[in-house]
Amino acid sequence: MQNTDVLISGGGIAGPALAYWLRTAGFTVTVVERAPSPRPGGQTVDLRGAGRTVVERMGLMDRARELSVDQRGLAFVDASGRVTARMPADSFGGEGIVSEIEILRGDLGRLMYESTLPGTEYLFDDTVTGLVQDDDGVDVTFEKAAPRRFGLVVGADGLHSAVRALAFGPESACVRPLDLYTAWFTVTEEMDLDGWFQMHNAPGGLVASARPGRLPGEVKAGLSFRSGPLRYDRRDAAAQQQLIAQRFAGAGWEVPRLLRAMRTAPDFFFDSMGQVRLDHWSQGRVVLLGDAGYCPTPLTGLGTSLALVGAYVLAGELATADGDHRVAFPNYDRVMRPYVTRAQQLPPGGASGYAPAGALAIRLRDLSMRSMNRWPMRNLMAAQFAKADDIALPDYDRTAVRQSEDGGR
């Protein structure tokens, strides 16, 4: 029997989802998270395809539906607020750009977190700083907690994964940038969205968006722009906000209001977009999960599905292999690799389709969006949305580790 003490770095969605399945199988799980508590707020994420199936198998779908955000769909608007194209939420069987079940990232993360309690140890306000492996385990050092030893370490700590940097090398060797930058934040003043996720494009590759939150009077806003590599301090929010204000100066629609609200938003977040591309997701006893190993970018709408499905598969393979990573990690890769490869294929147009550079390109994009329910655009978009369900989820025997432990007592 292998050492069943597992450290998961990252307490967002993928980490707690994995903790849930590992605890079910009898592993002892510790989660370390940089934030001081489960992260609240955030933008909406999609529950679609196989990711939705995983939530159903966790018995959490009813609660997820209760927490979902009521949105009519996606509407593109011009500088004056006139709608130029729409995609209702029920398009493509509820699996369109705005899916049938949209839930705030913080609400889904909290739901995953609560599903692991009691029985899962959490180390908040801390992070991994060192990993040393040998044949029997991994010695881990933390920024604040005392050093400890684990049988396995999982990096589920996002695009800028600390575990990946320690075990796989620098971010520059793992992440393919899309030359897109995005800020997300909450606006707490009334905006007349009529229940729609509204998006405005402006020349220069600018994208401004606003969508209803779950609470009355709450709006989730986004400001994105295309750019080559930028140097900025990831911990200096004021400097990031100044950079965004300069980029969006003079833009129309609700942009001036969004810029004002951005300055005082309690949950302002700014980051680059990139895809994590690796030819293997494990190094010895260390393995990557979700965005840390195979971030597809928000443009695909499949990041949450990959995180939930990856957690389900990784835990299932570890349980089936009685905790032996030498068997479980290659099998995890074998099951997930085709699903990840297809999910990382960007929608038609890629970054330029999301953030067209010029006025003509914006008009052409709007024309294509108005044609989404007609051939050939419908077939292209349907193929993109179908990727969420493009995996046959195995049925795992999750009692293997628990039975082995019981038999050894």
Mark yes or no for whether Arg72, through its side chain, and Asp194, through its backbone, hold a donor-acceptor pair below 3.5 Å.
-> yes
Check for a donor-acceptor pair, side chain of Asp107 on one end and backbone N or O of Ile103 on the other, with a separation under 3.5 Å.
-> no
Can you name the residues that form a ring-ring contact (aromatic ring centres under 6.0 Å, His included) with Phe225, not counting sequence neighbours?
-> Tyr181
Taking the side chain from His200 and the backbone from Val77, do they hold a donor-acceptor pair closer than 3.5 Å?
-> yes
Heavy-atom neighbours of Arg176 CZ exceed 12 at 6.0 Å = no
Donor-acceptor pair, Arg277 side chain versus Gly293 backbone, under 3.5 Å?
-> no
So does Lys144 pair up with Asp126, basic N to acidic O under 4.0 Å?
-> no
Establish, from distance only, whether the side-chain atoms of Tyr122 and Thr116 form a donor-acceptor pair under 3.5 Å.
-> yes
Check for a donor-acceptor pair, side chain of Arg226 on one end and backbone N or O of Ala355 on the other, with a separation under 3.5 Å.
-> yes
Atom pair CG/CD1 of Leu306 and Ile13 - distance to nearest 0.5 Å = 12.0 Å
Could you state the interatomic distance from OH (Tyr232) to CZ (Phe270), rounded to the nearest 0.5 Å?
-> 5.0 Å
With the side chain counted from C-beta on, respond yes when Leu47 and Leu308 share a heavy-atom pair under 4.5 Å apart, and no when they do not.
-> yes
Side-chain touch Thr28/Asp5, heavy atoms, less than 4.5 angstrom = yes
Flag side-chain contact, heavy atom, 4.5 Å: Val31 against Val29 = yes
For residues Leu159 and Ser272, report the shortest heavy-atom separation together with the two atoms involved.
-> CD2-O, 3.8 Å
Gap between atom CG of Leu206 and atom OG of Ser224 - 0.5 Å precision | 9.5 Å
Can you tell me if Thr141 and Thr129 form a side-chain donor-acceptor pair at under 3.5 Å?
-> yes
Could I get the full list of ring-ring contact (aromatic ring centres under 6.0 Å, His included) partners for Phe168, not counting sequence neighbours?
-> His280
Assess the side chains of Arg211 and Gln71: does a donor N or O sit below 3.5 Å from an acceptor N or O?
-> yes
Identify, with sequence neighbours excluded, every residue that meets ring-ring contact (aromatic ring centres under 6.0 Å, His included) alongside Tyr20.
-> none
Contacts of type ring-ring contact (aromatic ring centres under 6.0 Å, His included), residue Tyr294, not counting sequence neighbours | Trp281
Verify whether the ring centers belonging to Tyr312 and Trp21 lie closer than 6.0 Å.
-> yes
Any donor-acceptor N or O pair under 3.5 Å, side chains Arg263, Gln242 | yes
Is it true that a side-chain atom of Gln275 and a backbone atom of Leu178 form a donor plus acceptor pair closer than 3.5 Å?
-> no
Report yes or no: do Thr44 and Lys220 form a side-chain donor-acceptor pair below 3.5 Å?
-> no
Which atom of Val138 lies closest to which atom of Gly151, heavy atoms considered | CG2-O, 4.3 Å
For Ser282 and Tyr332, test the side chains for any donor-to-acceptor distance below 3.5 angstrom and give the result as yes or no.
-> no
Pairwise side chain to side chain donor-acceptor pair (under 3.5 Å) hits with a residue in residues 160-170, at least two apart = Asp157-Ser161, His160-Glu171, His160-Asp271
All side chain to side chain contact (heavy atoms under 4.5 Å, CB included) counterparts of Ser172, not counting sequence neighbours = Pro170
Non-hydrogen side-chain atoms of Leu360 and Arg363 separated by less than 4.5 Å | yes
Would a 4.5 Å heavy-atom cut-off, applied to side chains only, mark Arg285 and Phe150 as touching?
-> no
Which residues pass the side-chain hydrogen bond (donor to acceptor under 3.5 Å, both in side chains) test with Arg235, sequence neighbours left out?
-> none
Any donor-acceptor N/O pair, Arg23 side chain to Gly119 backbone, under 3.5 Å | yes
Set of residues satisfying side-chain hydrogen bond (donor to acceptor under 3.5 Å, both in side chains) with respect to Arg247, sequence neighbours excluded | Ser227
Validation: residues 60-70 side-chain donor-acceptor distances under 3.5 Å, sequence neighbours left out:
residue	atom	partner	partner atom	Å
Arg63	NH1	Glu66	OE1	2.9
Ser68	OG	Arg65	O	2.7

Just wondering, do Leu18 and Leu289 contact through their side chains at under 4.5 Å, heavy atoms?
-> yes
Kindly say whether Arg105 contributes a backbone atom to a donor-acceptor pair with the side chain of Gln43 at under 3.5 angstrom?
-> no
How far apart are the C-alpha atoms of Leu22 and Thr120, what are their side-chain angles, what is the distance that settles it, and do they pass the side-chain contact (heavy atoms from CB on, under 4.5 Å) test?
-> CA-CA 10 Å; Leu22 288 178; Thr120 299; over 6 Å; no
Heavy-atom donor-acceptor pair, Ser305 side chain to Arg48 backbone, under 3.5 Å | yes
Hey, is CG on Asp192 packed in by over 12 heavy atoms from elsewhere, all under 6.0 Å?
-> no
Only counting residues at least two apart or in another chain, list the ones meeting salt bridge (Lys or Arg N to Asp or Glu O under 4.0 Å) with Asp179.
-> none
Over all heavy atoms of both residues, which pair between Ala221 and Leu258 is shortest? Give the atoms and the distance, please.
-> CB-CD2, 3.9 Å
Full working for side-chain contact (heavy atoms from CB on, under 4.5 Å) between Glu218 and Leu104 | CA-CA 12 Å; Glu218 182 182 76; Leu104 295 178; 4.1 Å; yes
Would you check if there is a donor-acceptor pair between the side chains of Asp267 and Thr186 at a distance under 3.5 Å?
-> yes
Would you say Val286 and Leu152 make side-chain contact, with heavy atoms under 4.5 Å?
-> no
Starting from the C-alpha separation in whole Å, work towards a yes-or-no answer on side-chain contact (heavy atoms from CB on, under 4.5 Å) for Phe76 and Ser209.
-> CA-CA 9 Å; Phe76 292 91; Ser209 64; over 6 Å; no
For residues Leu288 and Val163, determine if any side-chain heavy atom of one lies less than 4.5 Å from a side-chain heavy atom of the other.
-> yes
Mind checking what makes side-chain hydrogen bond (donor to acceptor under 3.5 Å, both in side chains) contact with Arg365, not counting sequence neighbours?
-> Asn201
Minimum heavy-atom separation for Ala167 to Leu131, with atom names?
-> CB-CD1, 4.5 Å
Shortest non-hydrogen contact between Val309 and Gly51, atoms and distance = CG2-N, 3.8 Å
Which residues pass the side-chain hydrogen bond (donor to acceptor under 3.5 Å, both in side chains) test with Arg34, sequence neighbours left out?
-> Glu143
Take Val32 and Ile8, measure what side-chain contact (heavy atoms from CB on, under 4.5 Å) needs, and give me the verdict at the end.
-> CA-CA 6 Å; Val32 59; Ile8 302 171; over 6 Å; no
Is a donor on one side and an acceptor on the other found under 3.5 Å between the side chain of Glu121 and the backbone of Thr30?
-> no
Ser115 to Met58 - nearest heavy-atom pair and separation = OG-CE, 4.0 Å
